[in-house]
Amino acid sequence: MDEYSVRFVAKKISKIRWRPKLDQKGPQSRTFATGTWDDQNNSVALWQILDRPITSENGDAESLLVHEPQKVFETSHSGDVMDMQYVNHDMMAVASSTGSVSLLKHRPNTEAVTTVCTWDKLHQFKLGGSAPCTCLATRDEWIASGGEDGKAVLLAIEQRTPLQTLDKVDSCAINDLSFLKQSEIITVNSFGQLKTFDIRQDTSKESQIFSVTETHTPLLCVDRHPGQPHIVATGGDDGMLTIWDLRQEKFHMTLMEAHTGPIWEVKFHPLYPNHLFTCSDDGSLWHWDCTACASDPVQPFMSSKGKSYST
Amino acid sequence: MASSTVEREPSEFKLPVPNLDNVGLNCEWGLGQQLHVFQTQKPPANTSDIGELNLGVENQSIFDIRWNAEMHDIARKLVNESHNIFVMLQGQVKSLAEPALDAQLRKASKHYRGVLKACQMELIQLAESCEDAARKLKYETYIQEFEIVQLIWSLCQIIFIDVAPGGLILTALLDWLQWHFPEGKYLAKEVCQEEQSCSHPKYWEAVFRLLLQGNTENVRLLLSLHTHSQADSFIAVDELLRKMPHWTYQHAQSAAEFEMKWRHWREECIRRYEAGEFAAYPELEMVVQVLCGDEAVFKELRDSCETWYHHLISKLLYQNPTVRLTDLTFHIKSSQAVFIQTGLNSQELDNILQAAFEFDIHQVIKDTCTFLSNPSWWFVAHLADLLHHCKQLDPQKLPFGSNLREYLLLEYATALMSHESLWQVGVDYLDFCSIFGSSYLESYIEHIPLDNERKALKVLHICEERKLILQAQSVCKIMGMKCLQQERLGSALSWFLRSKDAVVIKQVTNKFLTEYCEQGKFSHLDLIDHLGPSMLITNSLTFLGKYREFHTMYDKGDLEGASSLLLSLISSRLAPKTFWMTLLMDALPLLNLPKVILNIQQTYEIMHCLEELQRDGTTSYKTLSEAEVEKAKLLRVALKKNLSRAIIEGGSIKVES
Amino acid sequence: MFLAKTIASEHKDLIHDVSFDYHGRRMATCSSDHTVKVWDLDEHEQWQCTASWKAHSGSVWRVTWAHPEFGQVLATCSVDRAAIVWEELSSEASMTGRGGAKPSSNTWIKRTSLVDSRTSVTDVRFAPKHLGLQLAICSAEGIVRIYEATDVMNLSTWPVQVEFNCNICLSCLSWNPSRMHPSMIAVGSDSADNSAGGKVLIYECNDAARRWEKVETIFKVTEPVHDVKFAPNLGRSYHLLAIAAKDLTILCLKNLKKDGNTNAGGLSKFETRQIGSFDDHESVARSRSNQRQGLETHAVRHCQRQPLILQELETGHGLESHIYIYVWATGKIRDKSHGSFMRYSASFCICTDNPCHLKFSHEDIEQCRLQYLALTTEQRDIALLTKIEATTRSDMIKHYKENGVEPRVHGNTKKLPKNALEYKDTKAVVDFILNFATLNAIQLPGRTPKH
């Protein structure tokens, strides 16, 4: 837990994602992708932790973190990178502040990505301007994207046109969304509300709405429990981490005061779902352990003073 | 700061613009160091009544001119890493006490230099791989500047920060020399690689260079490579060099002891020299003359010391190794006289170094400001900050209101704030400027463009952290206004609620209500239904929430509740006047129900409200359309009917049977 | 190092004013061709014209943006005696900052026309945001009027709040942006009449009497004033006013009544100090020695981001125009003349038929001139007179420096080409001729005079 390696990048990174392993039993992934924002020329870059022949003294398996990651590829991106998600081992979807989503594919045998296709103008305001696409979620071969215009759009990898557009998902900007089941998505917005939708139904009427607090602080991120789809965690603009149980009608949430700054991303560990990670604007990354049924922060540790944006 | 500063040549830039009488230039500031220049009438004649000009300028161009804008792209790493060091340092200053703090300050200084060096290395690599000649030149200028900055910084570190015990600084200065003038070492390496070292033309030069830097070990090594190294003279020189006393911090000698030892050794050198032990080899003689500290030989060896400060230090090494920092000034003049300056650049650098030797910090900073081009802001700002915490910088106030450190930091932060992306770094710097920082921040933070919600949230968070309430409100209002103009009423409402400004919230709610009037239904139900306690911020929002509640109750069939709610809404006069008619019309179905819901009092209330509306002399009422007059009639009929029924009911007694 | 980009304005006549919005992403220009154009910065850092319309029936003098808190609002003023407030209708593109500005797709509608003035309206400025949505206009007849919008959502009503007469012809006005001080306006006049006294007047709002009263007249400036501007406050306890007249003057206004002057009749008194005045332009621009007469300052603008000031100068001949940037620091102006722009004068070019500035791009001409300027005088003489190309010339010079007057030896010294003549052959031929001539008594040309 105490090992980490630092590499200075010189651009503001908005999202960072590990490339998924080829199969479950394979070696740990060594590649990750980063996206930048708020710059004149934004880019998506690939990094690798390269092998170096260092053997540690007591013969332990050397941790990957001993090595500094190296940038192996970079490609430019129009607009800020708002979100990135890996669809499968080879393909990655990138959401941009110009309202478009692009699909990037890793080229075999080289460390590079090429743009396979781009869906433009997915998000537009009612009166025409393009809205930033703020979040992505993937499930199997589908990609769902949410934007500041309050729309959610469903895309399939092979098709050029969107599968489905849910127009009136939200009156406010959607900050994050996630797939609950194959046919259900859950969104959080700037008004502090958590909503679930059934995509099979044609209407955009939400099935359920939950509100966190009365002060309507925006909810910034959402993630669902890998095993139990009715448990969902959200992080808010005021640093509060909330765990929801969607089955219960009343008192369905547990609030925990966590960070001093907005929580930008929250993630459950895919294999050990009792462990939860949150990262926030105050520069810290917290690891939560829920095994004892009382959620205590196990080890908050500080990364550098620079703001961290994602786990 | 009243002394004269070196004036820099004004930089000129020519615009390709045709020349006409009565047409001059004007310009407008853009973002940061950017100007838009355009041609306009000269002199401006807006007070005259002549409208048409037709001076023959058609489709003129507007020139968007930027300067010094590339610094941050190249030196971005420098900016960010030094930002980390800076912030950490400020935190340590607050929390640590004297001795620990000194250690931290020294570490910080080393870190800064490390970062500089790393950036320089990167630039060198970039320059080598770059093919475009112009950019290569640019990189090379920057590399040059970094070199100079490192030179100045390390000297300042020795003189101002790393104050040695006893004030003896020669060893540190020697290290500085060796670090920045590595020519001697390179030569020596080159010479060593030759078969017959002593026949290498630069052999003796290498020896002298190393000797002047006090690198006796390597001198001995080189001398031993000489073919005649077994000769007596050589052995004698070797012995002398070996015996030369060096002052190091480890030896717990006092300055006096060391001085005595050194004098003893020098006397021996002089004695042996005068005994003619080295007469056989004239170069060896020169070596020993150096060891004796002979004045004349230093003049001869001027070329091996490339600059006067090198000369100064070398001379002091062999003439006066226990010199104190404060005494350096006396020796400067003589060293300078030996050298004749050529070229403007080196003169300015020399001035800076001289000021440093003379312990005149302010002069150093001032001169560096004018000497280096824009990237120097980085350097002076951080150096001044470091020196300030070492208590070396005079904290007096400048006439313009803040002390030197703050002034420099403000300039640096301002340059950062104008940058697309580095404004977040600039904010941190402004935090540590105690006098003007917050007012500058207040002024600048409003100008940061709010492209999307995420960026707006970040800016908002910065304002809220620093209790800039007015600015936070302003950000929310700007975002809300943007949403409103795009007819995104929901987002607008959420931003306006956040700004907590009742006036604008009222305006948004009026828009919601207008929308309802026009479309007959509410659009943003998910918001309105879940307003919660924020409903109470303004009257109109409360009205909206309650009105919606009324509708839900009515739809559910809870007529009693709905009617009492409606009544309370009407009588409390919460609604905006324009909406009263709609409200009253909503009462119509309740009046026409078979069962009497509204009792006498309540009916009177509604009638009272209708009267008030009709008596109201506002223009909106005067232009009531036909339909509205009709509606009013219907309402009156219904009211009368209801009143009669209610009176009957109220008056009658239920007979229980 | 300067970087320049050119934006083609497409105005059919001179531009009088350019104004940026608060965030620097939108620009408005107005011109003598009666139109106003609005430009947006797209994601490729290019300016696109997103709206253009005929605003007035005369030259439009000024255009200014309101604070974005009030939406996207512009005000313009013109010689046709009107000042008009415009609002953007739900725009296509510009709202989302970087997301794709499409050219010419927004509409701006006229919200209100303020036609109270009887002469040309010379300047229009929005008040600082903390005063609400207010607007001040000044006109050539000398009257300043302040309007306020009653309803921010509905901009069609702007009743006159205040009107006062300054009795001289006004050319410019400036609000004091400071929040600490009651509202204050400075106006300047460009009347050539010297008897009127000071040309810059300062008015302040007396809240108790609900009137604006004149607080100061600046007598130091007696030349016609073209522009006045208050500097952004940034935490200072005094106000800085820059005045563009024949010279640039900077005044420091310190409020003498320190303690709560909100009582009745409590107008501030100001101590004004002139802390900068720039009339010695000769010392400043020493590299050009053209005649300089009648330099005038025409405009002064403050940079929003940095406490800098700027001025603009003209010469009487109209040949040169400079923009000077001054940095405000340490209580006085430091670092004069940071940048200077000069126009390339087409009249110096002697091409008659095919003017060179049409054939070559400006960058090429500039580059060429710079190259020539970088040479020393001797080099330049050689370059211009002999018309030899740069690389050949420098090679020749190098060879001369190294070897003196020697024939240049080319690369194939070691092996002679087949048809080369060696020196000894030439000598042999000459000897032969001489010999032959001597033997046969032929007179060679040059032996005797006149041959």
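Lettering follows sequence order; numbering is per chain, from 1.
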Heavy-atom pair of closest approach, residues [X] and [Y]:
X      : Y      : result
C:E69  : B:S474 : OE2-OG, 3.0 Å
C:Y22  : B:E446 : OH-OE1, 3.3 Å
B:H447 : C:H23  : O-ND1, 3.4 Å

Pick one of side chain, backbone, both or neither for [X], based on which atoms fall under 4.5 Å of a heavy atom in chain B.
X      : answer
C:E141 : neither
C:V152 : both
C:T29  : side chain
C:N154 : neither
C:H67  : side chain

Would you compute the distance between atom NZ of C:K129 and atom CD1 of B:I478 and round it to the nearest 0.5 angstrom?
7.0 Å
So how far is it from C:R179 CZ to B:L470 CG, rounded to the nearest 0.5 Å?
5.0 Å
Partners passing side-chain hydrogen bond (donor to acceptor under 3.5 Å, both in side chains) against B:N510 (at least two apart in sequence or in another chain)
none
With a cut-off of 6.0 Å (strictly less than), are more than 12 heavy atoms of other residues, nucleotides or ligands near NZ of B:K455?
yes
Counting only non-hydrogen atoms closer than 4.5 Å, does B:L484 touch chain C with its backbone (N, CA, C, O), its side chain (CB onward), both, or neither?
side chain
